[in-house]
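Quick notes on the structure that follows.
Every heavy atom of this structure was used, including side-chain atoms; hydrogens, water molecules and symmetry mates were not.
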Amino acid sequence: MTANTSFLVLHPRLNLYLKPSTSVLLPSLLNLPIKHFSQTPIPSHLSSSLVAINRNHGFRIPRFSISQNHRNLHSSPCSAQSISLNSSENVGGGRSGTLSSPPVVEVSDKIDVNPPKGTRDFPPEEMRLRSWLFHNFREVSRLFGFEEVDYPVLESEALFIRKAGEEIRDQLYSFEDRGNRRVALRPELTPSLARLVIQKGKSVSLPLKWFAIGQCWRYERMTRGRRREHYQWNMDIIGVPEVTAEAELISSIVTFFKRLGITASDVGFKVSSRKVLQEVLRCYSIPENLFGKVCIIIDKMEKIPMDEIKRELKSSGITEEAIEDLLQVLAVKSLDRLEEILGAAGDAVAELKQLFSLAEKFGYSEWIQFDASVVRGLAYYTGIVFEGFDREGKLRAICGGGRYDRLLSTFGGDDIPACGFGFGDAVIVELLKDKGLLPDLSPQVENIVCSLDQELQGAAATVATILRQKGQSVDLVLENKPLKWVFKRAARINAGRLILVGNSEWQRGMVGVKILSTNEQYEIKLDELE
């Protein structure tokens with residue numbers, strides 16, 4: 001230190017190395033505090049962070065980058081601010097000079113207690129509903145012989161960027177990580193499934209019947225039943241080229257609806273095939289590379305005006321004559337009428353007729369209807385596509401899926417026949433609310449155990465442990481509470497029975513039991529308590 005040095009200023013994150021003498025604030029920096037300190041021995045590896053301030057001179061705090069134990073500490077925004085010194089007054093430990101600044105004001109910011117827009121908390125009552133819903137997802141998957149898998153929530157961004165114009169491309173939560181890699185929170189599960197199938201290669205035998213329940217993220221406009229994060233139930237069949245796979249998937253969703261009390265008068269499935277659109281475009285010699293783009297445009301038909309649909313199709317290079325014929329075909333709601341237009345020779349009509357025939361065998365023919373306008377917005381679909389919808393038309397699509405035989409080759413793998421669906425958790429909950437089908441999911445505990453004396457807390461803990469070891473749920477009263485409080489607690493958690501540990505009973509190796517539904521009371525030996 002030189003003789004005319006009057007202050008040492010240290011980066012705020014390193015204040016633990018110096019003893020403070022005075023605190024000041026910079027008014028233009030959101031009241032971020034900066035310390036100036038009396039002279040104190042400083043560790044050598046921090047010497048570069050100190051700035052000597054000469055008397056009667058202003059200075060700028062430099063930007064620091066100090067690496068220690070693999071941690072990088074960077075300066076706060078105050079590093080670009082200037083502080084002027086006035087040597088006419090003496091401050092702090094005999095050192096001359098003052099900092100021109102307003103008085104110290106402590107600011108305590110309150111955190112926003114709401115979750116980020118489009119996301120949600122799951123307090124106990126919401127978590128019970130989610131667990132119930134997921135249980136039904138898993139149970140239906142089990143009934144159909146599917147195995148559960150999962151994938152990272154964070155994936156490579158390239159996994160989801162396939163075709164320009166896809167909504168999903170513009171809805172990614174994506175960023176560059178610290179290793180300069182482009183990553184994204186998964187917006188859907190199917191690409192992750194494809195990646196895993198490629199990774200496993202020939203170590204797995206086909207067909208694969210896998211399901212997953214995963215959290216997905218999309219930055220999109222929010223409506224009822226549409227959030228920026230949601231959980232999605234996916235079922236996929238890998239390795240089956242026949243339409244029986246699609247028929248099986250739709251059957252699983254119908255089974256799920258029936259378990260929840262939803263009927264064919266509440267929900268239906270619109271079914272079509274991407275091959276219908278392909279055959280129409282082929283008639284007008286429209287290049288195949290435009291097919292995906294046209295599908296994306298057609299998928300917007302219920303979201304934007306028809307004039308806008310026509311403008312987008314025309315800008316894609318499709319003639320007005322082809323557009324009119326295409327829209328006429330997409331308006332068809334009868335499979336027989338489609339056959340009149342396209343003929344019976346093509347794959348599209350043959351596969352659709354087979355699917356409707358299988359629907360009768362599975363027993364859900366009243367649930368499905370043909371609708372040529374269904375194409376789905378994701379570019380990787382190649383054949384039959386379907387969407388679940390509520391018949392009152394109040395909600396967005398409940399679920400959707402189809403065949404994606406060529407997805408794996410877009411990631412460098414060998415194509416394998418595949419189909420699957422995605423089913424979001426948010427829309428189905430809205431539908432259940434509308435239909436009055438939400439279950440009563442009150443908390444339920446088999447036992448509540450309470451000691452009648454503070455000295456018997458340990459004894460009550462012993463009783464609770466014995467019951468838990470026998471597989472029973474127990475809410476142990478952890479404080480010395482009056483019986484009135486205990487009964488209220490028992491009612492709130494819907495306890496089946498109350499077990500009281502009293503002094504005289506405990507000395508005889510017994511406890512008191514009260515069946516709360518019938519008010520029956522009795523004493524029982526501890527070793528007989530079941």
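With Phe370 as the aromatic partner, Lys333 does not meet the cation-pi criteria of under 6.0 angstrom to the ring centre and within 45 degrees of the ring axis. Stacking of Arg274 on the aromatic ring of Tyr381 is not recorded, the 6.0 Å distance cut-off and the 45° axial limit not both being met.
Distance alone, capped at 3.5 Å, is enough to place a donor-acceptor pair between the Asp371 side chain and the Ser373 backbone. Judged by distance alone, the side chain of Thr410 and the main-chain N or O of Arg406 form no donor-acceptor pair under 3.5 Å. Judged purely by atom type and a 3.5 angstrom limit, Thr319 uses its side chain to pair as donor or acceptor with the backbone of Ala322. Using a distance-only test at 3.5 Å, with no hydrogens or angles considered, no donor-acceptor pair links the side chain of Asn447 to the main chain of Gly496. Asn494 places no side-chain N or O within 3.5 Å of a backbone atom of Ser442 that could act as its donor or acceptor partner.
Among pairs with a residue in residues 439-448, none fulfils salt bridge (charged side-chain N to carboxylate O under 4.0 Å, His left out), at least two apart in sequence or across chains. Each salt bridge (charged side-chain N to carboxylate O under 4.0 Å, His left out) pair with one or both residues in residues 121-138, not counting sequence neighbours, appears once here: Arg138-Glu148.
Shown are Trp132, Trp233, Phe421; of these, the ring-ring contact (aromatic ring centres under 6.0 Å, His included) with Phe137 is made only by Trp233.
In this structure the side chain of Ile262 never reaches within 4.5 angstrom of the side chain of Phe256, judged on heavy atoms. No side-chain heavy atom of Asp414 sits under 4.5 Å from any side-chain heavy atom of Ile198. With contacts defined as side-chain heavy-atom distances shorter than 4.5 Å, the pair Phe211/Asp236 does not qualify. Leu277 is listed as a side-chain neighbour of Cys295, based on a closest heavy-atom distance under 4.5 Å. Considering only heavy atoms from C-beta on, Val374 stays 4.5 Å or farther from Phe386 through its side chain. Looking only at side-chain heavy atoms (C-beta outward), Leu431 and Val267 come within less than 4.5 Å of each other. Ser316 places a side-chain heavy atom less than 4.5 Å from the side chain of Ile297.
Using a 4.0 Å cut-off between a side-chain N of Lys or Arg and a carboxylate O of Asp or Glu, Asp266 and Lys435 qualify as a salt bridge. Arg181 and Glu176 are not joined by a salt bridge, as no carboxylate oxygen comes within less than 4.0 angstrom of a charged side-chain nitrogen. With respect to Glu147 and Lys209, no salt bridge is recorded, no charged nitrogen being found less than 4.0 Å from a carboxylate O. Taking 4.0 Å as the cut-off between side-chain N and carboxylate O, Glu320 and Lys310 do not count as a salt-bridged pair. Salt bridge status for Arg120 with Asp425: present, with a side-chain N to carboxylate O gap under 4.0 Å.
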Item checked: Step-by-step salt bridge (charged side-chain N to carboxylate O under 4.0 Å, His left out) determination, Lys270 to Asp390 -> CA-CA 11 Å; Lys270 297 176 182 178; Asp390 78 295; over 6 Å; no
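A donor atom on one side chain and an acceptor atom on the other are not found under 3.5 Å apart for Glu351 and Ser273. Donor-acceptor pairing under 3.5 Å is lacking for the side chains of Glu188 and Gln232. Tyr380 and Asp405 are not linked by any side-chain donor-acceptor pair at a separation below 3.5 angstrom, with hydrogens and angles left out of the test. Judged by distance alone, the side chains of Ser174 and Glu157 do bring a donor and an acceptor atom under 3.5 Å apart. Asp336 and Ser334 share no donor-acceptor pair across their side chains, judged by distance under 3.5 Å alone.
Tyr173 and Trp217 have perpendicular rings, their planes meeting at more than 60° on a 0 to 90° scale where under 30° would count as parallel. Taking the six-membered ring where tryptophan is involved, the planes of Phe269 and Trp367 are tilted, since the angle between them lies from 30° to 60°.
Between atom CG of residue Leu335 and atom CG of residue Leu352 there is a gap of 5.5 Å, rounded to the nearest 0.5 Å.
For Tyr231 and Phe134, the gap between ring centers is short of 6.0 Å.
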